[in-house]
2 protein chains.
Amino acid sequence: MLDAAIDVIAEAGPAAISLRDLARRAGVSHAAPAHHFGDKAGLLTAIAAEGQELLADRLHEAHRRSGGDFLEVGVAYVRFAVEHRAHFEIMYRPELHRPDDPAVIAGRTRAGAVLYRGASERGPGRSADEVRTAGLAAWSLVHGFATLWIHGALPEGLGDDPEAAARTVARHLGVSPG
Amino acid sequence: MLDAAIDVIAEAGPAAISLRDLARRAGVSHAAPAHHFGDKAGLLTAIAAEGQELLADRLHEAHRRSGGDFLEVGVAYVRFAVEHRAHFEIMYRPELHRPDDPAVIAGRTRAGAVLYRGASERGPGRSADEVRTAGLAAWSLVHGFATLWIHGALPEGLGDDPEAAARTVARHLGVSPG
DNA sequence: TACGGGAACTTGTCAGTGCCTAGTTTGTGC
DNA sequence: GCACAAACTAGGCACTGACAAGTTCCCGTA
């Protein structure tokens, strides 16, 4: 059921999803999805929670494999967004799900921890506030790049490899002037 | 009619909009909106085109007033997103409108020109490719910051002034290492 | 083995929606 | 005065999410 939902969202966007269509695809009655998830927001909340956990896993793994290289964590963020586009879109659309759901909050906290750990390891000699805003800058950059890439808003000529393009662009995150 | 649509989107998101509800608010029959805009996508396309023009105006003005300071153009981008949240959300949701609409393309081209002009004036001694990716980095950063701010995904403690926060964060866009 | 309970699911219904077609009003230029 | 077009209305169709009530089936317990 969740898999079918993710397929639909990935190909037609979150607005195109219908509980009844999912039920048809799964070969069950039209009320079965509501039975499991409560309502439509419940279904999307489940997807958001799954996405947060998945993102946290990916960021954690990238942090470990790269030895704490923040650039690689950012690239992993973009890769997650492109590969799990449906999850990504739902996660950052709080009006479609329940952002105060415990499972969603838990995943978001875990993912956020990796992002901020990467930022704090990046410049050890800087103030706490600098570290914080540097992390926000990096997050903003990769998040913006991912959403622009997904929505096809970026200009042509970047190639078809989002990771390589993200790596190139993210290198422009320089040291802070204070 | 467009104003009513923007109010609804701003307070409940693009998914909550209904042609019939808009008609009720405007005191006309349920088919009147469809008559003017063709269909729902037509209405949202009109909003997207209006938003692109508005964004282009804002960026152009910020570029002029700041003497070409790219940071200020980025801050204007964030300000536009926060102040015209409904327009901004529709503009970057191509599955909800018709991104190939001539009016939309015209506005997008005009807005893009300001963004890239700001980037190219930033470092005159750099290669064309560096200028291009620097512009993309800046755009990604302010776009990401704006969307995260709008969706309430940023951590607390940033205050309630998105422009000041954006200015602080965007300063982390340093020089490119190549 | 009989049974009670609960989870999974079905059936039916309701208000609401987008879109379509046909008809009606209203304003304008000739 | 009138043709014409734009603006709008009225009604219907297939669809949606949500809700209420009933059904099936499995599993632990006596």
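Values reported hereafter were calculated over all heavy atoms of this structure, with side chains retained and with hydrogens, waters and symmetry mates removed. In the text below, chain A, chain B and the rest are named by the order of the sequence lines, each starting its count at 1.
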Report which part of the nucleic acid B/A34 touches: base, sugar-phosphate, or nothing (heavy-atom distance under 4.0 Å, all strands). nothing

Tell me: [atom1] of [X] to [atom2] of [N], nearest whole Å?
X: B/L19; N: C/dC20; atom1: CG; atom2: C1'; answer: 13 Å
X: A/F37; N: C/dC9; atom1: CZ; atom2: P; answer: 11 Å
X: A/K40; N: C/dT17; atom1: NZ; atom2: C1'; answer: 12 Å
X: A/D39; N: D/dC19; atom1: CG; atom2: P; answer: 7 Å
X: B/H35; N: D/dA7; atom1: NE2; atom2: P; answer: 5 Å
X: A/I17; N: D/dA18; atom1: CD1; atom2: P; answer: 12 Å
X: A/D21; N: D/dG17; atom1: CG; atom2: C1'; answer: 14 Å
X: A/L43; N: D/dG17; atom1: CG; atom2: P; answer: 10 Å

How close do B/G159 and B/W149 get, counting heavy atoms only, and between which atoms? O-CH2, 3.5 Å

Per the salt bridge (charged side-chain N to carboxylate O under 4.0 Å, His left out) rule, which among A/R110, A/R58, A/R108 passes with A/E53? A/R110

Measuring to OP1 and OP2 of C/dT10, would you say a side-chain N or O of A/R20 lies under 4.0 angstrom away? no

Any side-chain N or O of B/S18 less than 4.0 Å from the OP1 or OP2 oxygen of C/dG18? yes

Side chain to side chain, A/L44 and A/F37, heavy atoms closer than 4.5 Å: no

Among D/dA20, D/dA7, C/dC9, the one nearest any side-chain atom of A/H36 is C/dC9

Taking A/D39 first and then A/R98, would you say they form a salt bridge - that is, a charged N and a carboxylate O separated by under 4.0 Å? yes

Distance criterion of 3.5 Å, no angle test: do you see the side chain of B/H30 paired donor-to-acceptor with the base of C/dG16? no

